[in-house]
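Here is how names work: the chains are called A, B, and so on, in the same order as the sequence lines, proteins then strands, and each is numbered from 1.
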Amino acid sequence: MSDDDLTATRRAKLRELRAVGRAYPNDFRPAHRASQLHSAFESAEASALESARPPARIAGRVVGRRSFGQAMFVTVDDGGGRIQAYLRRDQLPPDAWETSRSLDLGDQVGVEGTLFRTKTNELTVAASEVRLLAKCLHAPPEKWHGLADVEIRYRQRYLDLLSNPAVRDVFRKRARIVAGIRRFLSERGFLEVETPILQQIAGGAAARPFRTHHNALGLDLQMRIAPELFLKRLLVGGFDRVFEIGRNFRNEGISTQHNPEFTMLEFYQAWATYEDLMPLTEQMVCALAEEVAGGRVVRCGEHEIDLTPPWRRISLVGAAASAAGCNESDLRDPERARQVAERHGVAIPPAAGAGGIATAIFEHLVEPTLVQPTFVTGFPTEVSPLARPSDSDPWVVDRFELYVVAREMANGFSELNDPDDQRERFLSQLANRERGDDEAHPMDEDYVTALEYAMPPAAGEGIGIDRLAMLLCDAPSIRDVILFPLMRPDRRAAASDEGETPGEGAAPGRAPEPRA
RNA sequence: GAGCCGUUAGCUCAGUCGGUUAGAGCAUCUGCCUUUUAAGCAGAGGGUCCUGGGUUCGAUUCCCAGACGGCUCACCA
């Protein structure tokens, strides 16, 4: 049967339902969840159930149907688990039996009855009532292999979720990660805040923004690339520990590790340095791993990652020099650094000085090797326009990045709160922009003004939630932990949808759906 | 943006060294079946082989272009 035929068959059943009553009722209230019933009656013997006849009222999607003429088994998935129901003609009202006979895979159904165990000892609802609650008009993906077409999995995530239980688990884990972060930070006195996504100057990171427009104000705006500068304004305002979990938007390429919109945690703590944030990060990530991955050792692809603190610490310039076979001093000199980069075939970013070149060398030679959790410190000041210079060596800043499985996972530093230095850094970034670095940080005078009102010394950190979820859920692509990743429009589907009206032509009796 | 790979029934996949009716399992339809669980048995239907051009007597298959996806690289704090 073609797709149209499959749908037409189901639509015909829907038409019959409409003819005799409400096709989409909302008066059935399930009293039990499949998982509850399984755990509550786990140890109940068949004979015990036989005498007690515990009532059960469940609702969910039909994911299996085995028919025997005058009886059938139906497996119902209520989102949290599955339980099967046994439907017999001689135990059901006639209309419920008719409903049962017309059930299709994918339908939403409500079943009421009593629990028993079958010959094969499976806990089962012996149905005394069956209600169709919502008709499924399309054939669902195959029961055994599930949905494998990656494109459909992303475009129609609901199909992925309803046919691949492991996918639901990933997103449940992701929710627990986010909830765990909130709990962890709230317990430590951090205040959760929300700052603008629509901004006039998108700052706080090196990235190209999306542009948009506010009609009433006639104002061009950008989507935020980071909440950083607003969160630090809040430090000036007197909130000494703040955090935000929210979406950032960066107008850049898509890969297994990049989605144009992604979720970031940023938190700021006054009276702290980047040294304080490293153990805090270790604690937080360990707590999350123990909660969602069952321990501090997590499997990620072919790697086994041991998150037990303390994590290794290396210096960026030191590691880059040793990987490139040169001295650190070579990487502090623009000309010699350039030669080292060229010798190793490392592309030199536009407008880069020695610090930028050293960072590029690090990223190409060292970053891919950082599989176990590693804090990288000693970032050049040149590539860190918002971070506080190290007291002992102002060529670098008090900053770290966390790498796990060769992926950047977190970025934290002691905040630059000297307004005059910050203005100079912005000006230097502007100069880089002139020289072709289109991701150089823009000038933000309003932010500098905020610093002039005295921001307490502080440290702040950003953690990529998607990448953290990838690590803790063992997901190879960021699209596996983002429910609806950005996709190109599917022009094939658009073209064919315009050419036909699916199913409707063959259903002349069907009245249009009232919408108001 | 570049390279490689993929796109065949609603789903999961075979297949065609260019050949006449393109297959399987699940799903669907018909019949039988009151404890099955990837239920079973018998039968049937279901295809824009991603799209468009080209080569050819003949293209789902070969060539070119395009669409969409995946991976790698580039980009990307």
Side-chain angles (χ1 to χ4, degrees), chain A residues 1-10 12 46 63-75 82 84-91 104-106 116-122 124 126 136-155 159 163 204-208 225-226 228 248 250-260 262 264 316 347 349 356 359-360 362-364 367 376 379-380 383-387 399-403 407-413 438-439 441 462 464 476-477 479 485 487-496 499:
Chain A
M1 261 201 182
S2 72
D3 191 25
D4 283 352
D5 293 336
L6 294 172
T7 298
T9 306
R10 289 165 179 250
V63 294
R65 183 170 177 272
R66 296 170 293 282
S67 165
F68 292 83
Q70 307 303 308
M72 72 180 71
F73 288 93
V74 168
T75 304
R82 293 179 172 192
Q84 79 170 1
Y86 181 50
L87 320 180
R88 285 172 65 134
R89 182 176 196 170
D90 60 9
Q91 308 244 321
D104 287 307
L105 292 178
F116 75 109
R117 284 192 187 279
T118 61
K119 283 178 183 170
T120 52
N121 215 36
E122 176 157 347
T124 303
C136 177
L137 296 174
H138 299 279
E142 196 215 15
K143 59 187 170 185
W144 191 243
H145 298 92
L147 181 66
D149 185 313
V150 186
E151 190 170 345
I152 300 176
R153 288 186 48 220
Y154 296 155
R155 287 190 195 281
L159 292 179
S163 59
R208 281 172 293 179
I225 56 176
E228 171 153 357
N248 289 346
R250 299 189 183 176
N251 209 335
E252 49 195 40
I254 295 175
S255 77
T256 51
Q257 291 171 64
H258 299 84
N259 193 62
F262 63 99
M264 182 97 118
L316 182 144
T359 304
F362 167 83
E363 285 170 357
H364 283 83
E367 199 177 297
V376 178
F379 278 71
V383 298
S384 314
L386 303 168
R399 171 181 174 187
F400 66 85
E401 280 190 356
L402 170 64
Y403 286 86
R407 295 195 283 257
E408 184 197 336
M409 202 69 74
N411 177 19
F413 44 84
D438 56 4
E439 291 178 352
H441 202 290
S477 168
R479 297 181 203 95
M487 305 283 278
R488 280 193 171 87
D490 185 350
R491 287 199 235 162
R492 295 168 299 178
S496 73

Novice: Applying a 4.0 Å non-hydrogen cut-off, can you work out what A:Gly462 is touching in the nucleic acid: base, sugar-phosphate, or nothing?
Specialist: nothing
Novice: I need the minimum non-hydrogen distance between A:Thr118 and A:Phe73, along with the two atoms involved.
Specialist: CG2-CE2, 4.0 Å
Novice: Between B:C68, B:C26, B:C13, which nucleotide has the shortest distance from any of its atoms to the side chain of A:Glu142?
Specialist: B:C26
Novice: Whole Å only: how far is the CD atom of A:Glu252 from the P atom of B:A74?
Specialist: 15 Å
Novice: Can you tell me, in whole Å, how much space there is between the C1' of B:C32 and that of B:G70?
Specialist: 46 Å
Novice: Could you check which of B:C75, B:G10, B:C11 has an atom nearest any side-chain atom of A:Arg208?
Specialist: B:C75
Novice: Tell me which one of A:Asp149, A:Leu147, A:Ile152 satisfies side-chain contact (heavy atoms from CB on, under 4.5 Å) with A:Pro141.
Specialist: A:Leu147
Novice: Does A:Glu363 reach a base, just sugar-phosphate, or nothing at all? Heavy atoms under 4.0 Å.
Specialist: nothing
Novice: Find out whether A:Leu6 and A:His138 are in side-chain contact, i.e. whether some heavy atom of one side chain is under 4.5 Å from a heavy atom of the other.
Specialist: no
Novice: Tell me what A:Asp90 touches on the nucleic acid: a base, only sugar-phosphate, or nothing, going by heavy atoms under 4.0 Å.
Specialist: base
Novice: How close do A:Pro385 and A:His441 get, heavy atom to heavy atom, and via which atoms?
Specialist: CG-CB, 4.5 Å
Novice: Using the C1' atom as the reference point in each nucleotide, state the distance between B:U16 and B:C49 in Å, no decimals.
Specialist: 10 Å
Novice: Taking 4.0 Å as the cut-off, does a side-chain nitrogen or oxygen of A:Arg488 come that near to OP1 or OP2 on B:G69?
Specialist: yes
Novice: Considering only the P atoms, how many Å lie between B:G43 and B:C4, rounded to the nearest integer?
Specialist: 48 Å
Novice: Can you check whether any acceptor in the base of B:U36 is under 3.5 Å from a donor in the side chain of A:Thr118, or vice versa?
Specialist: yes
Novice: Write down the protein N/O and nucleotide N/O pairs, taken from nucleotides 39-43 of chain B, whose separation is under 3.5 Å; answer none if there are no such pairs.
Specialist:
residue, atom, partner, partner atom, Å
B:A39, OP1, A:Lys143, NZ, 2.3
B:A39, OP2, A:Arg66, NH1, 3.4
B:A39, N6, A:Ser67, O, 2.8

Novice: Using a cut-off of less than 4.0 Å, is there contact between a side-chain N or O of A:Arg479 and OP1 or OP2 of B:G70?
Specialist: yes
Novice: Can you check the A:Met487 CE to B:A67 P distance for me, whole Å?
Specialist: 15 Å
Novice: Counting side-chain heavy atoms from CB outward, which of B:U12, B:C29, B:C68 is closest to A:Ala148?
Specialist: B:U12
Novice: Would you measure the distance from the C1' atom in B:G18 across to the matching atom in B:U55 and give it in whole Å?
Specialist: 11 Å
Novice: Phosphate oxygens OP1/OP2 of B:G69: is one of them under 4.0 Å from a side-chain N or O of A:Arg153?
Specialist: no
Novice: Using a heavy-atom cut-off of under 4.0 Å over every strand shown, decide if A:Pro385 touches base, sugar-phosphate, or nothing.
Specialist: base
Novice: Do A:Asp104 and A:Arg65 have side chains that get closer than 4.5 Å, going by heavy atoms?
Specialist: no
Novice: Quick check: closest heavy atoms across A:Met72 and A:Ser67, and the distance to 0.1 Å?
Specialist: CB-CA, 3.7 Å
Novice: Under 4.0 Å, counting only non-hydrogen atoms across every strand here, what does A:Gln70 touch: a base, just sugar-phosphate, or nothing?
Specialist: base
Novice: Whole-Å distance between B:U35 C1' and A:Asn121 CG?
Specialist: 12 Å
Novice: Please give me the minimum heavy-atom distance between A:Pro489 and A:Arg155, naming the atom from each residue.
Specialist: C-NH1, 4.1 Å
Novice: Choosing from B:U12, B:G46, B:G69, which nucleotide comes nearest the side chain of A:Ser2?
Specialist: B:G46
Novice: Nearest whole Å is fine: how far is B:C75 P from A:Arg250 CZ?
Specialist: 17 Å
Novice: Hey, can you tell me if A:Phe116 and A:Tyr86 have their rings parallel, tilted or perpendicular (30° and 60° cut-offs)?
Specialist: tilted
Novice: When you compare B:C17 with B:C13, how far apart are their P atoms, in angstrom units rounded to a whole number?
Specialist: 23 Å
Novice: Looking only at the side chain of A:Lys119 (C-beta and beyond, no hydrogens), which of the listed nucleotides B:U35, B:G69, B:U12 gets closest?
Specialist: B:U35
Novice: For A:Glu401, what residues pass the salt bridge (charged side-chain N to carboxylate O under 4.0 Å, His left out) criterion, not counting sequence neighbours?
Specialist: A:Arg399
Novice: Rounded to the Å, how far apart are A:Tyr154 OH and B:C68 P?
Specialist: 17 Å
Novice: Rounding to the closest angstrom, what is the interatomic distance between B:C63 and B:G6 at atom P?
Specialist: 11 Å
Novice: Go through B:U12, B:G69, B:A74 for me and flag the one nearest to the A:His145 side chain.
Specialist: B:U12
Novice: For residues A:Thr7 and A:Asp4, is any side-chain donor paired with an opposing acceptor at under 3.5 Å?
Specialist: no
Novice: When rounded to the nearest Å, what value does the distance between C1' atoms of B:C50 and B:G25 take?
Specialist: 24 Å
Novice: Over how many whole Å does the gap from A:Asp104 atom CG to B:A27 atom C1' extend?
Specialist: 10 Å
Novice: Taking the minimum atom-to-atom distance to the side chain of A:Glu151, which one of B:G69, B:C29, B:A74 wins?
Specialist: B:G69
Novice: In dot-bracket, 5' to 3', how would RNA chain B read with Watson-Crick or G-U wobble pairs under 3.5 Å, [ ] for crossing ones and | for pairs to another strand?
Specialist: (((((((..((((.....[...)))).(((((.......))))).....(((((..]....))))))))))))....
Novice: Name the nucleic acid region contacted by A:Glu122, choosing base, sugar-phosphate or nothing; use a 4.0 angstrom heavy-atom cut-off, strictly under.
Specialist: base
Novice: Please state how far atom CD1 in A:Ile254 lies from atom P in B:C75, giving the value in whole angstrom units.
Specialist: 17 Å
Novice: Any side-chain heavy atom of A:Leu105 within less than 4.5 Å of one from A:Cys136?
Specialist: no
Novice: To check you understand the geometry: which heavy-atom pair defines the closest contact between A:Ala205 and A:Ile225, and what is its length?
Specialist: O-CD1, 3.3 Å
Novice: Rounding to an integer number of Å, can you tell me how far A:Asp3 CG sits from B:U48 P?
Specialist: 10 Å
Novice: If you only use heavy atoms from C-beta on, which nucleotide in B:G46, B:C29, B:A27 is closest to the side chain of A:Ala139?
Specialist: B:A27
